[in-house]
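These notes concern the structure reproduced below.
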There are 2 protein chains.
Amino acid sequence: MKATIYDVAKEAGVSIATVSKVLNGKGKISVETREAILAIMDRLDYQPSVIASALTGKRTFTLGLLVPDISNPFFSEIARAIEDQGEQLGYSVMMCSTDNKDEKVERYIALLQQKKVDGIIIATGIDNKEILEQLLSKGIPVVLLARDMPLVAVNTVVVDDYVGGCLAASHLLELGHRRIGIIGEREKVRSSRERVRGFRQTMEEYGAAFVPEHLKHCDYKVEDGKIKALELLQADEPPTAIFACNDMLAVGTLQAARELGKKVPEDLSIVSFDNTILAAVTDPPLTTVAQPMEHMGKLVVNLIVEELQGTAPVKQRTVLRPELITRESTAAIVS
Amino acid sequence: MKATIYDVAKEAGVSIATVSKVLNGKGKISVETREAILAIMDRLDYQPSVIASALTGKRTFTLGLLVPDISNPFFSEIARAIEDQGEQLGYSVMMCSTDNKDEKVERYIALLQQKKVDGIIIATGIDNKEILEQLLSKGIPVVLLARDMPLVAVNTVVVDDYVGGCLAASHLLELGHRRIGIIGEREKVRSSRERVRGFRQTMEEYGAAFVPEHLKHCDYKVEDGKIKALELLQADEPPTAIFACNDMLAVGTLQAARELGKKVPEDLSIVSFDNTILAAVTDPPLTTVAQPMEHMGKLVVNLIVEELQGTAPVKQRTVLRPELITRESTAAIVS
DNA sequence: TTGAAAGCGCTAACAA
DNA sequence: TTGTTAGCGCTTTCAA
């Protein structure tokens, strides 16, 4: 059997309280007993039970991470960053892929509570705001990541989607493009909406006409992007450039262009968003608005841990600035 | 405060033992009290504490998953499959990225034990076999996934790497290629070795000479593959085809070819392994030996849960057959 | 069919 | 500086 605190205490000829104290570095313990106990602990290969400790009201040192889909590169890259920072601080993370379904979100949240996780990082879409509010009302630390619900009092880490949209647009506009297609996620996805808003705003500033038919909405996957890009490119006056709201959609756009025999960037420029591994492996590699995923992961963990320690002052919303990474999917228009 | 079993018992005017029994469907409880208790449970929004239950020796319904890097598409896709099947069966999964470092593996394993996970799925390389043996000796259910240690008595789910190598080779050979380069992972990685072995074996059978200089080894990332591919392609008599042992290396190969102005598949055919999302998004899309990731994930969870339930008979090693997916990175040689 | 009570491994007053 | 003891929320005999 695994050694317990009792075994250690017996071996050391002290009480479990004493052992507990050296374990937690609390109270005054003489150096000798301390050393002795420590020695015995590792002789017995004693590992304190997180479970038992948690039952007395202490932390479980476990965080829940809700994402739409862990196999989506954007989220798996973020997950890695979160895991790393968590590990630094002594936390494990449970992954939960929700497919953006409220029903799954609720199931997972209930589960995480039963397992008494110390905090929950939410990077998934939630339609019903109440789910979130209910969670918050229970006093469980929650941080929103890459999702925004400005009206809810919750710590949040997001990228400035609006600015990202602006960056994408001005890049294209500076290259001379005026007829530009946009492929966004479904309208209810706030981040996508913001990106589009920034993009359109900037177009206006440059005096580029916004054509409603040039704005398409769809799900977030490669295939969806391809379908919409095909629609855009087969129109009478097809755009000379397309802004895809994430890397997957951009890949779909790339495929559509290829299918139609259009060269990128000669015949079509493409700007995307995220800068996941996908943006780097396509041909041509994608010009994209990069989200600082590593930094976001780190930040979000720090925030939640601070909240746990009660160090957290007021709720805060951290908006990170995205950065345009110019690769080879965009070029000046030749007319 | 959250409702406990005591609250429910008090409300129902019964003892906690009775509540516990209806909770677990044990013992004989009259229908009336049963119903009454159930009603009260959901009125109080009672959620039994997994922690407390675990402390009495029951399961935590949590699995640990060790992978080299959750942001690597191969592993994130597998993780998703594992998570889904786990959810079906009531288990959560904690993700642990080890970077294939034994030191991290050990840290994570210790952590997982402290948290009393019910089982551990190991899909990461482990140099020191003892780590695994020690773990097994503690009686914790362990399943190896996509890793093989034939000498250790442990349930294992792998793909037939050797056959995969053969499939890749015969495809290329049938297309007329004879001068073929191979880019594998570091020699200590068994799966890669097996793929190469199958590949070489098949080359021999076709009477294609194996040139030692055409076999390169490196780490598993895109950049590594690019470097090695560059070496291969800049040799005096460069290969007309390259077999890359995973999709990332193949992407690197693709990049190398592009850099040298070689067209794929006209000037160079490429076959890879895994069939992650990467293989589908490159241009041209990669012909690749597909691993049935979804099935693997499902299987591995089932295995570990069976072991948990004591239903598990003897240790077994399940070898799944990979399948060649022909896309556009390979073509017949024109000489 | 129900309940009393011991125990899971640990923490934290409070005493000594 | 160290120990006693009462929980934490639940499961599980064993009695009633």
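Every chain is numbered from 1, with letters handed out A, B, ... down the list of sequences.
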Report the distance from atom CE of B:M94 to atom CD1 of B:I121, rounding to the nearest 0.5 Å. 13.0 Å

Result for 5'-nearest mapping on DNA chain C, choosing between B:L55 and B:A17, is B:A17

Can a side chain N or O of A:T4 be found less than 4.0 Å away from OP1 or OP2 on C:dG9? no

Establish, with yes or no, whether the OP1 or OP2 oxygen of D:dG3 is under 4.0 angstrom from a side-chain nitrogen or oxygen of A:T18. yes

For B:E32 and C:dT2, what is the distance between atoms CD and C1' respectively, to the nearest whole Å? 13 Å

Charged N to carboxylate O under 4.0 angstrom, A:D148 versus A:R190? yes

Name the nucleic acid region contacted by A:K21, choosing base, sugar-phosphate or nothing; use a 4.0 angstrom heavy-atom cut-off, strictly under. base

Could you state the atom-to-atom distance from CZ of B:R59 to C1' of D:dC10 in whole Å? 16 Å

Whole-Å distance, A:K26 NZ to C:dA12 C1', equals 7 Å

Whole-Å gap separating C1' (D:dT1) and CD1 (A:I37): 11 Å

Closer than 4.0 angstrom, basic N to acidic O: yes or no for B:E133 and B:K138? no

Nucleotide nearest B:I5 (side chain, heavy atoms from C-beta), chosen from C:dT2, C:dT11, D:dT11: D:dT11

Give a yes/no on whether any side-chain N or O of A:S49 is located under 4.0 angstrom from OP1 or OP2 of C:dC10. no

Return no unless some side-chain N or O of A:T56 is found under 4.0 Å from OP1 or OP2 of C:dT11. no

Looking across every strand, which nucleic acid part, if any, lies under 4.0 Å from B:V14 by heavy atom: base, sugar-phosphate, or nothing? sugar-phosphate

Verify the contact: side-chain N or O of B:S20 to OP1 or OP2 of D:dT12, cut-off strictly under 4.0 Å; return yes or no. no

Under 3.5 Å, is there an N or O donor on one side and an acceptor on the other linking the side chain of A:K2 and the base of C:dG9? no

Grab the NZ-P distance between A:K28 and C:dA15 for me, whole Å please. 20 Å

Starting from C1' on D:dG9, measure out to NZ on B:K116 and report it in whole angstrom. 15 Å

Quickly work out the B:K58 NZ to C:dG7 C1' distance and round it to whole Å. 15 Å

State plainly whether the residues A:R107 and A:E103 are in salt-bridge range, i.e. N to O under 4.0 Å. yes

Give one of base, sugar-phosphate or nothing for A:I16, where a contact means two heavy atoms less than 4.0 Å apart. base

Under-3.5 Å donor-acceptor pair between B:Y6 side chain and D:dC10 base: yes

Without decimals, in angstroms, what is the distance between B:N24 CG and D:dT12 C1'? 10 Å

B:L132 side, atom CG; B:I109 side, atom CD1 - distance, nearest 0.5 Å: 7.5 Å

